[in-house]
2 protein chains.
Amino acid sequence: MVQRKYSKKRQAILEMLSATDAHPSAEQIYSELKPLYPDLSLGTVYRNLNLFRENGDVVCVGTFGGQERFDWNTAPHPHFICTRCHRILDLDLSFSATDHYADVEKATGGSVSSESVAFLGLCEQCVRSAGNIADAK
Amino acid sequence: MVQRKYSKKRQAILEMLSATDAHPSAEQIYSELKPLYPDLSLGTVYRNLNLFRENGDVVCVGTFGGQERFDWNTAPHPHFICTRCHRILDLDLSFSATDHYADVEKATGGSVSSESVAFLGLCEQCVRSAGNIADAK
DNA sequence: GTCTGTGCAAATTGTTTGCACGCAA
DNA sequence: TTGCGTGCAAACAATTTGCACAGAC
């Protein structure tokens, strides 16, 4: 454990993450928390996110649209990712890559510790407004 | 098709990509080609990679260690990704997420067009030198 | 009082872009 | 000759970091 002391901002970031399933980026967390903590700084968000990641409290889903996205649900689970608006949804599939860790270790000679399964496409909203670039943002 | 004219550099980038299974980044492509084409510029590598991507000639595997990695093999297939040295290996598993597109579309209301399956861990080399930070780069 | 956490701004790093020139057609 | 392709350098954008001060213990 690296973190030692209590901090209101850190607490707020962690709570915000655990209360949403939007898999937010640092930027999104900052925007949402800034009104409640006017003196919050983006650097603090980044520093705490890295702290959480080191402690295993959050996991990184990947980088989309240039921004790293975080997930409070650290159990491996598949995602749906919209390639247009970068919305990320959790999926509940009777499907796991975990069964194959041993196969992969045998094939590569390495050790497998986690997985990442994602389906890419257009989300419901983007399918509806397909072609309407204005909705992409 | 956006590209129109022949270009030696573009040809070289595409050939380099199709000749390797290292899933290189723009930076890595540049470093490898620079000795052969001393007046090659990094901007050209990026511009051509984006062109290839638009044309569907290459696919992006993801962003690791801050760098986007490209794959000439555009057929969906699982990868092993070393979280320490960011080596990327192709896997040949009797395993596919493609069967689940319909499930995911039903669950999300969106449309699925591709997938991404990756196993994360330490590659053989990094397992051997575990703890030896010097080898990570 | 000590040491961690933060704001702020500067620094870093990967990627994109504007412009003038080179080269393919 | 037309216009895409490129080198170069500046512009951008996400993330990291140094420093002095604020707050937890």
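We use all heavy atoms of the structure for the numbers below, so side chains are in, but hydrogens, waters and symmetry mates are not. Chain naming here is simple, since letters A, B, ... match the order of the sequence lines and numbering starts at 1 in each.
The listed nucleotides are D:dC25, D:dT15, C:dG7; the one nearest the side chain of A:Lys5 is D:dC25.
For the pair A:Asn48 and C:dG5, the criterion of a side-chain N or O lying under 4.0 Å from OP1 or OP2 is not met. For B:Lys8 and D:dG5, the shortest distance from a side-chain N or O to OP1 or OP2 is not below 4.0 Å. A close approach under 4.0 Å does not occur between any side-chain nitrogen or oxygen of A:Asn50 and OP1 or OP2 of D:dT15. Between D:dG5 and B:Arg10, a contact under 4.0 Å exists linking OP1 or OP2 to a side-chain N or O.
A:Phe64 has its CZ atom 16 Å from the C1' atom of D:dA14, to the nearest Å. Following rounding to the nearest Å, A:Ile29 (CD1) and D:dT15 (P) show an atom-to-atom distance of 10 Å. Atom pair A:Glu27:CD and D:dA13:C1' shows a separation of 9 Å (rounding to whole Å applied). Summarising the geometry, the separation between CD on B:Glu68 and P on C:dT13 is reported as 19 Å, rounded to the nearest angstrom. Here D:dA14 presents its P atom at 13 Å from OH of A:Tyr30, a figure rounded to the nearest Å. When the P atom of D:dT2 is taken as reference, atom CZ of B:Arg4 falls 17 Å away, rounded to whole Å.
Taking the nucleotide of DNA chain C with the nearest heavy atom to each of B:Tyr6 and B:Ser25, the more 5' of the two is matched to B:Ser25.
Between A:Arg69 and A:Glu27 there is no salt bridge, since no side-chain nitrogen of the basic residue lies less than 4.0 Å from a carboxylate oxygen of the acidic one.
For the helix from C:dG1-D:dC25 to C:dA25-D:dT1, the rotation axes defined at the first and last 5 base pairs enclose an angle of 30°, given to the nearest 10°.
Using a 4.0 Å cut-off on heavy atoms, the residues of residues 31-43 of chain B that approach DNA chain D are B:Asp39, B:Leu40, B:Ser41, listed by number.
Between B:Phe119 and A:Tyr101, the angle of the ring planes goes over 60°, which puts this pair in the perpendicular group of the 30/60° scheme.
In this structure, A:Thr20 contributes its side chain and A:Leu17 its backbone to no donor-acceptor pair below 3.5 Å.
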